[in-house]
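Here's the structure, in structure tokens; my notes come after.
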Amino acid sequence: MSLRIYNTLSGKVEEFVPINPPKVLIYTCGVTVYDDSHVGHGRSLIVFDVFRRFLEHLGYQVKFVRNFTDVDDKIINRAKQECTDFMTIADRYIARYYVDMENIRVRPADVEPRVTEHIPEIIEVIQKLVEKGYAYVVEGDVYFSVKKFKDYGKLSKRDIEELIAGARVEPSEKKRDPLDFALWKASKAGEPAWDSPWGKGRPGWHTECVAMVFKHLGETIDIHGGGLDLVFPHHENEIAQAEAITGKPFARYWMHNGLVTVGGQKMSKSLGNYVTLREVYTKYHPDVLRLLVLFTHYRSPLDFSWEKMEETLKAYERLKNAIEDLELLKKLQVVESKEGGTHPLYEQVKEFEENFYASLSDDFNTPEALSHVYKLVGELNKVKNKAYSEGKITDRELSAYEFASKSLLNTMKKIFGLLEDLYPECKVERVVERELEAGQVFDEKLIQILIEARNIARKEKVFKVADYIRDKLKELGIVLEDTPAGTKWKKREGA
RNA sequence: GGCGACGUGGCCGAGCGGUUAGGCGGGGGACUGCAAAUCCCCUUUACGGCGGUUCGAAUCCGCCCGUCGCCUCCA
């Protein structure tokens with residue numbers, strides 16, 4: 001089955017054909033490290049993380065590059081405020097970014113280049129542009145001459161004449177044309193600076209991605225991604241620079257994720273309506289955020305709210321219960337089945353997998369894929385319900401349940417990066433644990449003793465004591481559920 | 001103002017020419033000591049408005065209303 005994705009460049013859903021299969025080269029614009037990442041960044045990161053996993057599942061050898069912008073005005077300003085140097089700020093937020101990524105289960109890219117480590121490459125790109133006549137030098141600054149690049153506007157569907165008409169004209173501008181953008185900025189006193197053919201200075205924002213793509217991936221890549229807000233001017237400017245130099249398409253497919261909003265307004269630093277990733281994953285299990293992102297198509301806007309987190313938590317627990325309750329079913333009396341043939345669950349798993357991957361192949365339709373997940377969850381639960389109400393399970397049902405729940409779990413882990421805590425292959429120490437867990441100094445054996453004591457009380461019909469134990473444990477974030485297969489306990493996954 | 005996108009049942013959110021989305025919530029029932037979990041049933045003119053195309057439209061076209069994004073840094 002072929003993968004189809006929406007290409008911003010053509011404005012259409014297209015069949016995905018890599019340049020050099022099975023290799024797929026992807027670049028996405030990473031964050032500017034001047035503060036903690038918020039849910040808006042998180043969405044983009046999660047979307048491309050899952051998309052990458054899906055490509056790998058399809059058999060592609062993905063080389064994924066995501067950069068850090070570690071020198072820019074905001075970082076410099078922050079450093080001034082804190083009376084320190086920009087590198088201290090950048091290093092700090094890169095470290096914090098990695099903590100965030102570890103917590104929300106976003107895998108590192110194959111290459112994670114920093115601007116400050118690519119100054120020679122950036123200078124080289126600028127030099128070529130100057131040589132080819134696309135860029136000009138004014139008092140130590142270098143600007144790209146937009147008018148010289150005839151295709152300018154093809155990604156963002158803008159007409160160059162209209163842009164000129166609408167452009168702000170700033171009085172002390174060194175640019176020849178208001179549309180031109182800076183490739184190199186002469187440094188002011190006290191600011192970070194590198195030597196260049198045009199004197200001491202630092203790169204403008206738009207060149208770094210071009211230089212990094214050229215260095216780590218090549219002149220033409222398969223997919224270039226990022227948030228929708230980067231289409232103009234950032235990605236438009238990347239295309240102008242790269243294609244001015246090579247004369248070849250810079251990226252075949254441009255993928256842009258929709259923005260995160262709060263009450264309908266874009267989540268952003270400047271509006272102050274942002275929620276940091278850290279805030280989210282210290283309150284809720286990180287899977288809940290991933291699921292929240294996946295429940296909306298990647299190109300649609302996503303309105304964030306804590307109410308929605310709470311809703312998603314419920315949905316998450318339903319998925320998790322269906323899978324982990326296999327262990328409870330195993331504790332029931334297992335009887336021999338009198339029925340022959342394979343259990344319907346096997347066929348349902350097969351259908352699920354076909355539908356699931358078909359949805360992802362159709363412009364990465366994760367919400368539709370999730371609808372198939374929940375259909376399977378329903379089938380699993382029917383089997384569970386039957387077993388609970390009968391107080392026993394047949395060997396045929398149990399093995400089908402085991403097969404189906406494990407299949408589903410594997411798919412969730414592999415593609416969506418969910419439920420990695422269940423039947424873990426390796427124990428991962430995470431730098432930040434949830435607040436929820438921070439105060440929970442409890443021992444599983446002690447909980448087990450309390451549960452046994454409570455069950456004795458229940459047997460003796462001393463329900464006051466039984467309920468007291470359950471209520472008090474709940475206050476500690478431990479939920480008890482009595483089932484025909486015994487008492488199950490679990491931690492609450494949300495605030 | 002220019003360009004682009006969107007308006008779906010109580011809420012969230014897929015679908016984009018005829019056939020089930022899915023999640024969350026609400027009501028009833030089964031199970032349970034009670035909860036919780038789970039199942040079953042109900043919430044059976046859902047597709048912003050008005051026109052048009054079509055045998056047939058939430059899905060295509062036009063106009064209108066409303067919301068948002070980009071046009072400055074931004075994932």
Side-chain angles (χ1 to χ4, degrees), chain A residues 8 11 28-32 34 37-48 66 69 72-74 153 156-159 161-163 165-168 170 205 225-234 236 256-261 264-271 274 291-292 295-297 299-303 305 307-308 310-319 321-322 325 328 355 359 362 365-375 377-378 380-391 457-459 461-463 466-467 470-471 474 479-484 487-488 490:
Chain A
T8 308
T28 65
C29 296
V31 292
T32 301
Y34 72 104
S37 301
H38 61 234
V39 176
H41 304 114
R43 181 188 193 187
S44 188
L45 266 357
I46 290 168
V47 161
F48 286 102
R66 182 173 50 217
T69 300
D72 111 307
D73 288 343
K74 286 176 185 168
S156 54
K157 316 275 187 284
R158 269 159 230 258
D159 184 70
E161 299 303 325
E162 280 169 11
L163 281 170
R168 303 184 309 185
E170 288 175 25
W205 178 38
L228 196 64
D229 52 355
L230 296 184
V231 174
F232 188 89
H234 185 55
E236 197 71 69
H256 296 280
N257 62 275
L259 304 177
V260 173
T261 57
Q265 299 262 295
K266 177 180 170 181
M267 180 181 284
S268 69
K269 269 266 132 59
S270 44
L271 281 172
Y274 62 95
L291 195 56
L292 177 83
F295 258 126
T296 299
H297 186 95
R299 290 196 281 121
S300 300
L302 189 163
D303 202 58
S305 69
E307 291 72 26
K308 204 178 256 183
E310 199 58 33
E311 277 180 20
T312 309
L313 170 64
K314 299 277 170 54
Y316 172 65
E317 291 189 320
R318 205 156 83 84
L319 170 64
N321 285 338
D325 283 356
L328 287 170
N355 291 331
S359 293
D362 181 17
N365 195 333
T366 56
E368 193 176 87
L370 276 169
S371 77
H372 300 302
V373 169
Y374 279 92
K375 278 178 196 166
V377 166
L380 241 14
N381 283 336
K382 278 177 202 167
V383 174
K384 183 169 93 176
N385 183 251
K386 178 170 177 282
Y388 278 5
S389 60
E390 292 174 358
R458 287 173 66 214
K459 213 175 250 176
K461 303 204 189 304
V462 189
F463 296 120
D467 292 348
R470 185 171 59 196
D471 292 347
K474 193 176 181 182
V479 182
L480 298 190
E481 291 171 13
D482 300 317
T483 80
T487 301
K488 171 184 177 180
K490 61 185 182 187

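Computation of the quantities below employed the complete heavy-atom set of this structure, encompassing side-chain atoms and omitting hydrogens, waters and symmetry-equivalent molecules. Lettering of chains follows the sequences in order, A, B, ..., and the numbering in each one begins at 1.
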Would you kindly check whether a donor in the side chain of A:Asp482 faces an acceptor in the base of B:C34, or vice versa, at under 3.5 angstrom?
-> yes

Side chains of A:Asn321 and A:Lys488: do they bring a donor and an acceptor to under 3.5 Å?
-> yes

Which nucleotide in the list B:C70, B:U38, B:A21 gets nearest to the side chain of A:Pro367?
-> B:A21

Is A:Arg43 side chain donor-acceptor paired with the B:A75 base, going by distance under 3.5 Å alone?
-> no

Of the listed nucleotides B:C39, B:A75, B:G23, the one nearest the side chain of A:Phe295 = B:G23

Distance check: side-chain N/O of A:Arg299 vs OP1/OP2 of B:A5, anything under 4.0 Å?
-> no

Enclosure of A:Lys474 NZ (heavy-atom neighbours >12, cutoff 6.0 Å) = no

OP1 or OP2 of B:G2 under 4.0 Å from side-chain N/O of A:Lys157 | no

Classify the side chain of A:Lys382 versus the base of B:C39 as yes if they form a donor-acceptor pair under 3.5 Å and no if they do not.
-> no

The nucleotide from B:C71, B:G33, B:A75 with an atom nearest the side chain of A:Phe463 is B:G33

Is there a side-chain polar atom (N or O) of A:Asn321 under 4.0 Å from OP1 or OP2 of B:A37?
-> no

Residue pair A:Arg458 / A:Thr487, side-chain heavy-atom distance below 4.5 Å = yes

Would one find a side-chain N or O of A:Arg458 under 4.0 angstrom from OP1 or OP2 of B:C34?
-> no

Can you find a donor-acceptor N/O pair under 3.5 angstrom joining the side chain of A:Asp467 to the base of B:G33?
-> yes

Close side-chain approach of A:Arg66 and A:Phe48, heavy atoms under 4.5 Å = no

Using a cut-off of less than 4.0 Å, is there contact between a side-chain N or O of A:Lys490 and OP1 or OP2 of B:A37?
-> no

A:Asn381 (side chain) and B:U38 (base): donor-acceptor pair under 3.5 Å = no

Phosphate OP1/OP2 of B:A14: any A:Ser300 side-chain N/O under 4.0 Å | yes

Counting side-chain heavy atoms from C-beta on, which of B:G23, B:A35, B:G69 comes nearest to A:Gln265?
-> B:G69

Pick base, sugar-phosphate or nothing for A:Leu230, based on heavy-atom distances below 4.0 Å to the nucleic acid.
-> sugar-phosphate

For the side chain of A:Lys74, starting at C-beta, report the closest nucleotide among B:C73, B:A75, B:U38.
-> B:C73

Under 4.0 angstrom between A:Lys488 side-chain N/O and B:A36 OP1 or OP2 | no

Taking only side-chain nitrogens and oxygens of A:Thr296, does any of them come within less than 4.0 Å of OP1 or OP2 of B:C12?
-> no

Looking only at side-chain N and O atoms, does A:Asn365 come under 4.0 Å of OP1 or OP2 in B:G15?
-> yes

